[in-house]
Each structure stands twice: as C-alpha cells, then as structure tokens.
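Predicted model, so just to flag it, every value in this text is computed and none were measured. In what follows, chains are A, B, ... by sequence order, proteins preceding strands, each numbered from 1.
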Number of protein chains: 2
Amino acid sequence: MSKDTLPGLTLCNNAMLRRAARKLGQFYDDVMAPSGLKATQQGLLYQIHIGDEPAMGAIAASLIMDLSALGHTLKPLIRDGYVETFADPDDRRIKRVRLTPQGLVKLDEAMKLWHIAQQRFEDVAGNDKAERLRAALDEIAALDFDLPPATP
Amino acid sequence: MSKDTLPGLTLCNNAMLRRAARKLGQFYDDVMAPSGLKATQQGLLYQIHIGDEPAMGAIAASLIMDLSALGHTLKPLIRDGYVETFADPDDRRIKRVRLTPQGLVKLDEAMKLWHIAQQRFEDVAGNDKAERLRAALDEIAALDFDLPPATP
DNA sequence: CGCCATTAGTGGTATATGCCACTAATTGAA
DNA sequence: TTCAATTAGTGGCATATACCACTAATGGCG
C-alpha cells in the first residue's frame, strides 16, 4: 500500500469515535461553561442524581468507566461541595454517593445549559440522525468483545 | 419531572458518545497493548505517517484536537524516539512532524494489532452497522454548531 | 471459629485533552 | 520601512481516564 493511496483514519472506528467525541465535547463544554461545570461533570452529577444514592461501583458500571477513574473524577466535585460520599452501613466496603444541596442547585443550573446544547445539536444534526446516533452508540456500549473461550 | 421518571443519560448525545468511546477505547487499547502503544498513539502515528511531514496545526485540525493537546500527546512519542519534529525552513513558526525509522517499525507492529481489533469489532458489530456508525461520526465531526451571527 | 478468596475503593503513575497566557515569526498596512 | 495584528507553538494548570498494586470488609468453608 503506497503512501499516496493510504486511507485516512476514517476507517478506524475508534479513531472516528474519539474525534467525534472531541468535537462534541468541545461544543457541549462551551455551552456549559457559564455553569463552571464541564459536560462530563454535569453528566456525572446527573447520573448520581437519578440513582438512589448509588454506590461508586454502580456508577462506574453505568458509565462504563474504570472505578478508579470515577474516584478521581469525583474529587473536584467533592472539593467544590457538589457531592458527598458515605459508607453503606450494611457493607462498609461500599461507598455511596449523593448530591449536596448545592450540588442539586448547580445541577439545575447546568441542566438548563445542557438543554440548550442538546437542542442546538438536534437542530444542526437533525432529530432523526441524532436519535439513530444515540441508538448506535448505545449498541456499541452494549457489545461484548470477549473471544468465546475454547469450550472444552 | 419526578426522580422516578427521569430518563437515563441515554438521551445526551455527548454522554453517549463518551461512554461508547470509553468502551471502544478500552477494547482497542487492550488489543494494542502488546505493542506498548495506546490506540490514540497508534492513530496519531498513522496520521503523521499518511501526511507529508505535516505541520502540527494541520494534524490538530485533522484530528479536531486542540493544538496544545497535540503537543502534549506528542511528547511521549518523541521521548520514546518514534517521532521527531523540525522547523519548516520557509516559515520558522511552523513545526513539522515525521516518524523516525523506529517509529515506522513500531507503527507497522501496531497496525497489525489494529487490524485485529478492527476486524473483531466489525465481526461483533456487523459490517453494515460499523460502516454506518463511522459515517455518522464523520458527519458529526463535520457539523458546524456556530450560531449564525445576526446579519446586520 | 479462623482463614482464604472475593469485592469495593484508594493512591500512584501515565496518557489524553482543553483553556489560557505568553513568545516568536510573519504579514500587512500606514 | 516600521509597527500593529495575526499565526503557530509552548508551558502551566486542571480535568478525564486507565491500569496496577495495595488495603479494608465480606463471605464462605472446613
């Protein structure tokens, strides 16, 4: 394959996904900036909010995120007083997470901005396309890449 | 909207995109691990390879990546001797990037693993779906979210 | 009951990415 | 030509995310 005919990176599912994520991330972050939250943080607050004092492991699983990554991501939100954690009384290994009152206020504020970004995206991309995109992404998140073990 | 009826984060385009990116990133990284490169690094080396000693700005634009982020991402690759930079003789503001011989070798090695990951993805997701996904992601990357300025 | 395998998180380290302020090199206009 | 505006990168700082080794709690088994 000569260099002249090499395909772009348009062929790599992963590269395309990251590239689109950067693009969309920049846009959502931009719209959310007035709240002082990144889109990822808003998403995390929301995830915590809709859960019933979810355990860290449960949040990580929902978001398909490494547990330790979640721990790190949570730190600024705790530091800023939006989130607090407490040990599950029935199993002290488990740490549960909830929003503080300020966290709830901040989430409300951020959600307003999120709606703007979301609406703008739907307008620009088209509702159909957006819908299909989300469905496709959801399927990907649900895929199982494990090689089936040689059944003995 | 009561808490019981709150939708999941399945509605947020950005959140879904990031979630899928984490999932796929973990998979690709896993397959590429034997090469010692992350999928992002392989993608970057490839992008450099298919360019003609591209300028940093050109790479960043292709990847829709912040220029300074590119600079940071490049550092480990330079440190490990896979990539080198040099000033454009015609415009010394411009820094061009190219693979070193070792970089080329490493890219070859990584591409073999990439093919495995890519093929496995296509198998699991289905070629049609993968194709459509990439197309959708490419469209997103091409969207323009700027609000049209009030034409005076 | 006592011990080991499992489970849930933590902390460290490294890459990925973005924004901002700043510098260097170029360009364009007075 | 000279100086202001623009362009290309750098460096610092902060968040996002992953993996690994380690610790604390549980749970099950002999």
Could you check B:Leu99, B:Leu77, B:Leu107 and say which one makes a side chain to side chain contact (heavy atoms under 4.5 Å, CB included) with B:Ile48? B:Leu99
Would you please name every residue forming a side chain to side chain contact (heavy atoms under 4.5 Å, CB included) with [X], sequence neighbours left out?
| X | result |
| --- | --- |
| B:Gln102 | B:Tyr82, B:Thr100 |
| B:Asp123 | B:Gln119 |
| A:Val105 | none |

Let me know the distance between [atom1] of [X] and [atom2] of [N], rounded to the nearest Å.
| X | N | atom1 | atom2 | value |
| --- | --- | --- | --- | --- |
| B:Leu37 | C:dA16 | CG | C1' | 14 Å |
| B:Tyr28 | D:dA18 | OH | C1' | 18 Å |
| A:Gln42 | D:dA16 | CD | P | 12 Å |
| B:Arg92 | C:dT26 | CZ | C1' | 10 Å |
| B:Leu45 | C:dA16 | CG | P | 10 Å |
| B:Leu70 | D:dT7 | CG | P | 19 Å |
| B:Asp66 | C:dC19 | CG | P | 6 Å |

Run the side-chain contact (heavy atoms from CB on, under 4.5 Å) check on A:Glu84 and A:Ile78 step by step: do they pass? CA-CA 6 Å; A:Glu84 59 191 9; A:Ile78 295 173; over 6 Å; no
Could you write out each protein N or O paired with an N or O of nucleotides 1-5 of chain D at a distance under 3.5 Å?
none

Check ion pair A:Asp66-B:Arg22 (N to O, under 4.0 angstrom): no
Please write out each protein N/O paired with an N/O of nucleotides 13-15 of chain C under 3.5 Å, distance rounded to 0.1 Å.
from, atom 1, to, atom 2, distance (Å)
C:dT15, OP1, B:Arg79, NH1, 3.2
C:dT15, OP1, B:Arg79, NH2, 2.8

Between B:Lys23 and A:Ala142 (side chain of the first, backbone of the second, donor and acceptor by atom type, cut-off under 3.5 Å), is there such a pair? no
Which of these passes side-chain hydrogen bond (donor to acceptor under 3.5 Å, both in side chains) with A:Tyr28: A:Gln42, A:Gln118, A:Arg120? A:Gln118
If every non-hydrogen atom of [X] is compared with every non-hydrogen atom of [Y], which pair is closest and at what distance?
| X | Y | value |
| --- | --- | --- |
| B:Leu137 | A:Asn13 | CD1-O, 4.4 Å |
| B:Met56 | B:Leu74 | CE-CD2, 4.2 Å |
| A:Phe121 | B:Ile140 | CZ-CD1, 4.0 Å |

Go through C:dG11, D:dT10, C:dT17 for me and flag the one nearest to the B:Ser68 side chain. D:dT10
Per nearest nucleotide of DNA chain C, the residue lying toward the 5' end, A:Gly71 or B:Ile64, is A:Gly71
Show each protein N/O and nucleotides 3-9 of chain C N/O combination with a separation under 3.5 Å, one pair to a line.
from, atom 1, to, atom 2, distance (Å)
C:dT7, O4', A:Arg93, NH1, 3.2
C:dT7, O2, A:Arg93, NH1, 3.1
C:dA8, O3', A:Arg93, O, 3.4
C:dG9, OP1, A:Met56, N, 3.4
C:dG9, OP1, A:Lys95, N, 2.8
C:dG9, OP1, A:Lys95, O, 3.1
C:dG9, OP2, A:Gly57, N, 2.7

